[in-house]
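All residue numbers in this chain count up from 1 along the given sequence.
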Amino acid sequence: MKVGFIGTGSMGSLLIYALIQSGALEPRQIAASNRTPSKVRQLSLRYPGLHESQSNRETVIRSNIIFLCVKPLEFKHVIDDILPVVNSNHIIVSITSPVQLRHLESSLPCKVSKVIPSVTHQVGSGATLFIHGERMTAEDRSVLESLLSHIGRPYQVDEACTRITSDFSSCGPAFISFFLEEWIESAVRLTGIKRADACALAGEMLLGTGKLLTEGGYTPQELQARVAVPGGITAQALALLRNNLNGVFDSLIHTTHEKYDEDLIKLDEVFRASEINRQQY
């Protein structure tokens, strides 16, 4: 298997690291390209054997599976660039949630999928969201999901639920980290606990809580009931949180979905304009 990465920024480089670290791929199986060549050079020095492509087209030519790890509005430009060397056997994977399968399938002659990764893959954990295109066979799906199962748990989701599922799996680590950051800062300020101790305790707590929810058979509601004794300290603090956070998660979901819809409108315009130009010429 040969795997290519177009774009080696934050998530592209993280996927490369995680796949090599987990043993899913060897560096010699990877080709990568970036509009800033020095970024690929750094990766090849870190992972001897990784191929530094001189262009996006070279990455495609050398690969069976190609991950497009670029910003939403850069997608059409990249697709137009690589189109002459894409064939029907290639599997091209978008890791960008607003880019729709219809955008990819209308512009490319190959098999396409959308994968939403998470920063948690850096430690071989978390969920990887999969949305497969119509040209993907059962074998193609199995190959792609098997590859990424080394760094996270595969979940097939409906494209209509891309945003909300991404809120949990991809944005969630930032949201939970913000909550912990605020809690830790208050603890340090009000009690004198060392920040390092508070961070360590919070991390261990979060790890254990995740295991209880994924392996221990608890739902969030059941876990609260298990910890919070009626009339006790935890129950009183939970009542405070419920009162003060009332409606905040509705607003959170509205915010992420509004931004997603804005990006989708822009992408529709870009791909529609490209299709009109192609028909004219």
Side-chain angles (χ1 to χ4, degrees), residues 1-34 40 43-44 46-53 56 58-70 75 78-79 82 85-97 99 101 104-105 108-159 162 165-166 168-170 173 214:
M1 180 188 298
K2 298 290 186 179
V3 180
F5 290 85
I6 295 178
T8 57
S10 177
M11 191 53 71
S13 60
L14 185 149
L15 286 172
I16 291 172
Y17 165 82
L19 288 167
I20 293 175
Q21 189 72 13
S22 68
L25 294 174
E26 296 179 13
R28 62 181 177 81
Q29 294 176 275
I30 299 174
S33 52
N34 193 295
V40 183
L43 287 172
S44 68
R46 185 176 183 182
Y47 310 114
L50 182 148
H51 180 77
E52 298 177 55
S53 297
N56 293 337
E58 183 182 354
T59 295
V60 173
I61 292 169
R62 297 181 65 92
S63 307
N64 311 115
I65 300 173
I66 304 98
F67 288 86
L68 300 187
C69 308
V70 299
F75 258 77
V78 170
I79 287 173
I82 65 176
V85 294
V86 174
N87 64 56
S88 61
N89 292 319
H90 281 123
I91 296 176
I92 288 187
V93 184
S94 162
I95 69 163
T96 307
S97 63
V99 175
L101 291 177
L104 300 173
E105 290 184 325
L108 290 162
C110 62
K111 307 164 186 180
V112 300
S113 281
K114 185 157 67 173
V115 169
I116 310 300
S118 169
V119 69
T120 56
H121 298 339
Q122 185 172 332
V123 291
S125 187
T128 310
L129 308 182
F130 288 85
I131 306 163
H132 296 297
E134 292 184 358
R135 299 173 197 148
M136 291 285 286
T137 66
E139 182 180 357
D140 296 328
R141 297 180 183 199
S142 178
V143 167
L144 184 58
E145 292 180 19
S146 177
L147 172 66
L148 293 175
S149 68
H150 287 82
I151 63 174
R153 183 173 297 181
Y155 276 87
Q156 287 198 39
V157 299
D158 190 287
E159 190 167 32
T162 300
T165 51
S166 299
F168 284 106
S169 66
S170 186
T214 57

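A donor-acceptor contact shorter than 3.5 Å is absent between the side chain of S146 and the backbone of V143. Judged by distance alone, the side chain of K114 and the main-chain N or O of V99 form a donor-acceptor pair under 3.5 Å. Checking side-chain atoms of K111 against main-chain N and O of N89 turns up no donor-acceptor pair under 3.5 Å. Judged by distance alone, the side chain of E52 and the main-chain N or O of S44 form no donor-acceptor pair under 3.5 Å. Panel note: side chain T137, backbone D140; a donor-acceptor pair is recorded below 3.5 Å. E105 contributes a side-chain N or O that, together with a main-chain N or O of E134, makes up a donor-acceptor pair within less than 3.5 Å. The backbone N or O of T120 lies less than 3.5 Å from no partner atom in the side chain of S125, so there is not a single donor-acceptor pair.
For the pair T8 and S13, the tightest heavy-atom approach, listed with the atom from each and the gap, is O-CB, 3.8 Å. Minimum heavy-atom separation, T96 to I116: C-CD1, 4.3 Å. Minimum interatomic distance between H132 and L101 (heavy atoms only, all atoms of both residues): O-CD1, 3.4 Å. Contact detail for S166 and S97: the closest heavy-atom pair is OG-CB, 4.2 Å. Counting all heavy atoms, side chain and backbone alike, V60 lies closest to V85 at CG1-O, 3.8 Å. Across all their heavy atoms, L129 and S169 have their closest contact at CD1-OG, 3.3 Å.
Between Q29 and L19, the closest side-chain pair of non-hydrogen atoms is not below 4.5 Å. Taking 4.5 Å as the limit, every side-chain heavy atom of T165 sits out of range of all side-chain heavy atoms of Y155. When side chains are defined from C-beta on, V86 counts as touching P109, because their heavy atoms get closer than 4.5 Å. With a 4.5 Å cut-off on side-chain heavy atoms, I66 and N56 do not count as touching. Within the 4.5 Å cutoff, side-chain heavy atoms of S118 are placed close to those of H121. Within the 4.5 Å cutoff, the side chain of I20 has heavy atoms near those of the P27 side chain.
In this structure, CZ on R135 lies 9.5 Å from OG on S88, to the nearest 0.5 angstrom. Atom CD1 of I91 sits about 9.0 Å away from atom SG of C110, to the nearest 0.5 Å. A distance of 11.5 Å separates CD1 in I65 from CD1 in I30, rounded to the nearest 0.5 Å. Within the model, atoms CZ of F67 and CD1 of I92 stand 11.5 Å from one another, a figure rounded to the nearest 0.5 Å. In this structure, K2 NZ and I61 CD1 are separated by 14.5 Å, a value rounded to the nearest 0.5 Å. Atom CZ in F5 sits 5.5 Å away from atom CG in L15 (nearest 0.5 Å).
Within a 6.0 Å sphere centred on CD of Q156, other residues, nucleotides and ligands contribute more than 12 heavy atoms.
A donor-acceptor contact closer than 3.5 angstrom links the side chains of T59 and S53.
The aromatic rings of Y17 and Y47 sit tilted, their planes meeting at an angle between 30° and 60°.
For D158, the side chain to side chain contact (heavy atoms under 4.5 Å, CB included) criterion is met by A160, not counting sequence neighbours. Looking at residues two or more places apart in sequence or on another chain, you find no salt bridge (charged side-chain N to carboxylate O under 4.0 Å, His left out) involving R46.
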